[in-house]
Every structure is written in C-alpha cells, then in structure tokens.
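These notes concern the structure reproduced below.
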Amino acid sequence: MTRRVTSYDVARAAGVSQSTVSRCFRPDGGISKVTRDAVLRVAEELGYNRNALARSLITRRSNMVGVIATKFTIRNNPELVFTLSAALRDHGFGILLLIVETDDTVGDILQQALEYPLDGLISCALMDPRDVERFVRRGLALVFFNRNVAAPWVDCIGTDHAGSSRAMAEAFHAAGHRRILCIGGPVGAPVSRARIDGFTARLAELGGAEVRTVAGNFSYTSGRAVFLDAVRDGARPDAVFCANDQLAMGVMDACRYDLGWRVPGDVSVAGFDDVEEAGRPSYDLVTVAQSGAEMAARAVELLLRRIDDPLAPEVTERVAGRLVRRGSARLG
C-alpha cells in the first residue's frame, strides 16, 4: 500500500505552491485557466483527493450535516432519510447519519456528533433541553424534523400529527364505528402520543364511541401481537386506528390469517405515514400521507437560513397530512 498523496506532492510535481493547489480546487480561487488545468491534470495523474476535514479547518465549513434518527424511523420509514439526504445533496451537503434506539437515548450519541466538524444538525428525535443548548452554544445550526422543540434559535418542521388524526377520527365516526381500538407506539414516544391523542380527543368531542388504547413498538410484528392480545378477551372492535402503517399492516394480517376476520367487512383498519407497502393491493391501507419530500426540502431551507444567520428568529411549521382513502376501512 502506498501512502496517501497530499497537496504538497501535487505542488512539487506541478511546480507551484501548495496554496496554489488549494485555490485550484475552489471555484473562486482566482487562478488562471491554464494553471488550473495543469494542476488538476497532475492531481489526477498522482491520484490526489482533497481532504475535506483539513479543508474545513481553513474554510470553517465542512459541507456536512448530521442527521439523527431512531431505529424505528430507519426500519419503518427509510424514505425519510433518503429524502433528507437528497434535499441536502441538492445544496452540496453530505450527511453523517447517527442512529439511536429511541428519543430517550439521543444523549448517548450527541458527543460523537459534536466531535465532527458539522455545519448543522437535523434531528428526527427529541433532545434534552441541556443538549439543545450545547449545540446552540457551539454555533451549530439545529433543525428538528417531526419533533416539536421550543428553544431560542432552533427551528422545527413537521406534520400536524394531531390535526391529521382528528380528520381520521371524524371519518371513522361518520362511518358509524363506535368500538374503536387504538394501537400506539412505545409509551412516551412523541409522534405516537400526538397521533393517538388527537384521534381520541376528537372522538370524545363527537361522543358515543368506546375507545381503548394499547401500546406497541411501531413494528409489524408488534402490531400483530398487540392486536391479538387486545382481542383475546372477546372484546371485538369494529375499527382499529394505528399510530403508523407497520402496526396497521400487522393488525390486518392478524385479522385475516390468525382470526379469519374480513377487512373491512368485520373490522376497519387504518394507519399513518403512507409508506410504500400501504398502497400495495395486499394491504390497500387507509392512512394519512405525510409530505415527506416537501418537509425535507423545507428542513434544509431552514438549516441553510440558520447557518447563514444564527440569530434569526426561530421558526416552527406544521404541515397538514392528507387522508388517503383506500379499501382497508369503511369511512364516512
């Protein structure tokens, strides 16, 4: 194995200074086309690649953004990370992906994030207020995605989970559903709590419904198992609302393959997210679609704004979800 070629090697081979080599790799370097072409040709022949970390020490910009996501997000909604990555790439940024178990364990990984020369951070998980302050104090732009954090100089963009779930509750109620089971994510999970609370609050306002709530862990397997446990005592719901699509698909398969129930003939089932599998004929799942690409683009806009103006007024935006009517539930 040969040692890595440095900018000093390129400078010697091209007969120029090291600073000239560095300027040749910058669009605004002020180098003549002849010199630039000659240096770039030598760099290609030697196999030279710029060191992004070293460059960041000079420019104070790494063009790298950290993205924190929980394992549930990665497993059940991988499109989210892809859309964030694509939006960042459109602006010339790469990503450092940091995965945590749950929102409660984010603090375990934050020191690792701080050790990299990041230009900013998009967090799809909550942070302790003291950790938020640590990032802000270090001048790192911070945007929360689908999480609501009230802090100075911190921006938030996310779905209106509660409002969108209220619309689902209205559609269930209008269809005559009165024995309703809600299956949420882990107890305390903020997105799950907002969705289930919005749904149950609207049903309470409408009146006449018996609502039972149980907790899962956002997975297909959990949805199937938790639903079977919930109906084992003979309490049969006429409709099930789940905090995400993976739970709902688990419920549908429990109905069809474990209990022999018809969906939606015997029980209506709905979820939230509109993941790719939800639209497949085998599920045809009623759900709430999030504007993932739109929110990802907006998150990056907020991040760039915060990088350019760290003291700009903080912004919190909520994007309405869209009720997707399919065949898994009877809706009014």
Excluding W261, membership of its hydrophobic cluster (Ile, Leu, Val, Met, Phe, Trp, Tyr; side-chain heavy atoms within less than 4.5 Å) reads F72, L181, I183, V214, F218, Y220, V226, F227, L228, V231, V240, L247, M249, V251, M252, L259, V263, V267, V269, V275, Y283, L285

Pairwise distance [atom1]([X]) to [atom2]([Y]) - rounded to 0.5 angstrom:
X: I68; Y: T73; atom1: CD1; atom2: OG1; result: 11.5 Å
X: L140; Y: L303; atom1: CG; atom2: CG; result: 10.0 Å
X: S291; Y: R322; atom1: OG; atom2: CZ; result: 7.5 Å
X: I307; Y: L142; atom1: CD1; atom2: CG; result: 11.0 Å
X: L302; Y: T316; atom1: CG; atom2: OG1; result: 9.0 Å
X: L311; Y: R306; atom1: CG; atom2: CZ; result: 8.0 Å

N-O pairing of [X] and [Y] below 4.0 Å:
X: R166; Y: D160; value: no
X: R130; Y: E133; value: no
X: R202; Y: E205; value: yes
X: D37; Y: K33; value: yes
X: D266; Y: R236; value: yes

Side chains of [X] and [Y]: closer than 4.5 Å at any heavy-atom pair?
X: D258; Y: R224; result: yes
X: F93; Y: D119; result: yes
X: I74; Y: K71; result: no
X: R12; Y: D9; result: yes

Has the side chain of [X] got a donor or acceptor atom that lies under 3.5 Å from a matching backbone atom of [Y]?
X: S165; Y: A162; value: no
X: S222; Y: N217; value: yes
X: D273; Y: N244; value: no
X: R178; Y: H173; value: yes
X: S32; Y: T35; value: yes
X: E314; Y: W153; value: yes
X: T83; Y: A293; value: no
X: S328; Y: V286; value: yes
X: T105; Y: E101; value: yes
X: S268; Y: R330; value: yes

What are the two closest heavy atoms between [X] and [Y], and how far apart are they?
X: G271; Y: A248; answer: CA-CB, 3.9 Å
X: S282; Y: R256; answer: O-NH1, 2.7 Å
X: P190; Y: R147; answer: CG-NE, 3.7 Å

I'd like to know if the side chain of [X] pairs up with that of [Y] as donor and acceptor (distance under 3.5 Å, no hydrogens or angles considered).
X: N146; Y: H161; value: yes
X: D274; Y: Q290; value: no
X: D245; Y: T287; value: yes
X: S19; Y: S17; value: yes
X: R318; Y: N148; value: yes

Is there a chain of hydrophobic side chains (I, L, V, M, F, W, Y, each step under 4.5 Å between heavy atoms) that links [X] to [Y]?
X: M295; Y: V288; answer: no
X: I196; Y: L126; answer: no
X: V300; Y: F82; answer: no
X: V211; Y: F272; answer: yes
X: I180; Y: M168; answer: yes

Going by side chain to side chain contact (heavy atoms under 4.5 Å, CB included), name the residues that satisfy it together with A215, two or more places apart in sequence or in a different chain.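 In terms of side chain to side chain contact (heavy atoms under 4.5 Å, CB included), with neighbours along the sequence ignored, A215 is linked to V187.
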
Under the side chain to side chain contact (heavy atoms under 4.5 Å, CB included) test, which residues partner A13, sequence neighbours left out? V42, L46

Given side-chain contact (heavy atoms from CB on, under 4.5 Å), test V39 with V10 step by step and report yes or no. CA-CA 7 Å; V39 170; V10 175; 4.1 Å; yes

If you count the non-hydrogen atoms of other residues, nucleotides and ligands that lie under 6.0 Å from CD in E277, is the total more than 12? yes

Does the pair I99 and T70 meet the rule for a side-chain contact (heavy atoms from CB on, under 4.5 Å), with working shown? CA-CA 5 Å; I99 303 174; T70 68; over 6 Å; no

Which residues satisfy the salt bridge (Lys or Arg N to Asp or Glu O under 4.0 Å) test with E210, sequence neighbours excluded? none

Sequence neighbours excluded, the answer for ring pair (Phe, Tyr, Trp, His ring centres under 6.0 Å) partners of F199 is F172, F241

With sequence neighbours left out, which residue pairs that include part of residues 285-306 fulfil the ring-ring contact (aromatic ring centres under 6.0 Å, His included) condition? none

